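What follows is a single structure, written as structure tokens, with notes after it.
In what follows, chains are A, B, ... by sequence order, proteins preceding strands, each numbered from 1. In this text, all values refer to a predicted model and were calculated from it rather than measured experimentally.
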Amino acid sequence: EAGVVQSPRYKIIEKKQPVAFWCNPISGHNTLYWYLQNLGQGPELLIRYENEEAVDDSQLPKDRFSAERLKGVDSTLKIQPAELGDSAVYLCASSSLTPNTGELFFGEGSRLTVL
Amino acid sequence: AQSVTQLGSHVSVSEGALVLLRCNYSSSVPPYLFWYVQYPNQGLQLLLKYTTGATLVKGINGFEAEFKKSETSFHLTKPSAHMSDAAEYFCAVSGVSDMRFGAGTRLTVKP
């Protein structure tokens with residue numbers, strides 16, 4: 001079974017440029033998460049989807065960040081414009097509601113460097 | 001709301017020594033508790049989890065953890081450290097909705 005796939009793995013951009021990250025969850029997983037991981041810290045939730053609905057986006061900085069999950073499968077996280085402080089790893093994870101074991105399955109992450 | 005505190009951002013042990021990584025949680029509902037491991041430039045991989053039932057749970061790579069409700073703890077242990085155990089370890093708690101992670105503990109294993 002394929003795991004969570006993220007792309008790109010690495011991205012270097014100049015500040016004020018836009019950037020987008022893509023995530024393909026495990027087949028059949030209804031719930032999809034985007035987490036932000038700063039260097040030396042634990043993941044912090046940005047947004048959680050159940051199917052195509054964003055059920056928790058309270059931590060998403062909506063002035064520059066946006067996300068979508070069309071058709072309830074793949075998801076895209078966008079930053080526009082990027083700032084120096086956005087340099088971090090963006091992790092995508094997915095989980096199944098049935099059965100609900102609570103476990104999250106993570107992709108390898110997309111590492112963003114903003115210059 | 002749930003939260004996790006990991007005591008010690010960095011733990012160093014000798015190869016063959018006991019590994020003990022500490023985690024305390026706060027949750028308003030019966031928690032699901034997890035330990036994840038992260039190797040450099042990789043995503044998080046589940047080591048073990050506690051949902052219900054037996055409070056001592058065994059995971060991969062010889063790790064285990066014990067859920068102690070009275071102490072609100074879920075410490076991770078391994079009897080004998082191996083060089084390949086060097087990584088970042090995250091404790092996490094899940095309640096009704098999302099999962100909250102601790103800040104992580106970096107484990108170093110000395111030869």
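Between A/Glu103 and B/Lys49 there is a salt bridge, since at least one side-chain N of the basic residue sits less than 4.0 Å from a carboxylate O of the acidic one.
Aromatic ring centres of B/Tyr36 and A/Phe106 lie closer together than 6.0 Å. Between B/Tyr50 and B/Phe67, the ring centre distance stays below 6.0 Å.
Considering all non-hydrogen atoms of both residues, B/Trp35 and B/Leu21 come closest at CZ2-O, 3.6 Å.
Per-residue counts of heavy-atom pairs under 4.5 Å with chain B were compared for A/Glu44, A/Arg9, A/Gln37; the largest is that of A/Gln37.
For chain B, the nearby parts of A/Leu104 are the backbone and the side chain; heavy atoms of each come within less than 4.5 Å. Within the 4.5 angstrom heavy-atom criterion, only side-chain atoms of B/Gln38, from C-beta onward, approach chain A.
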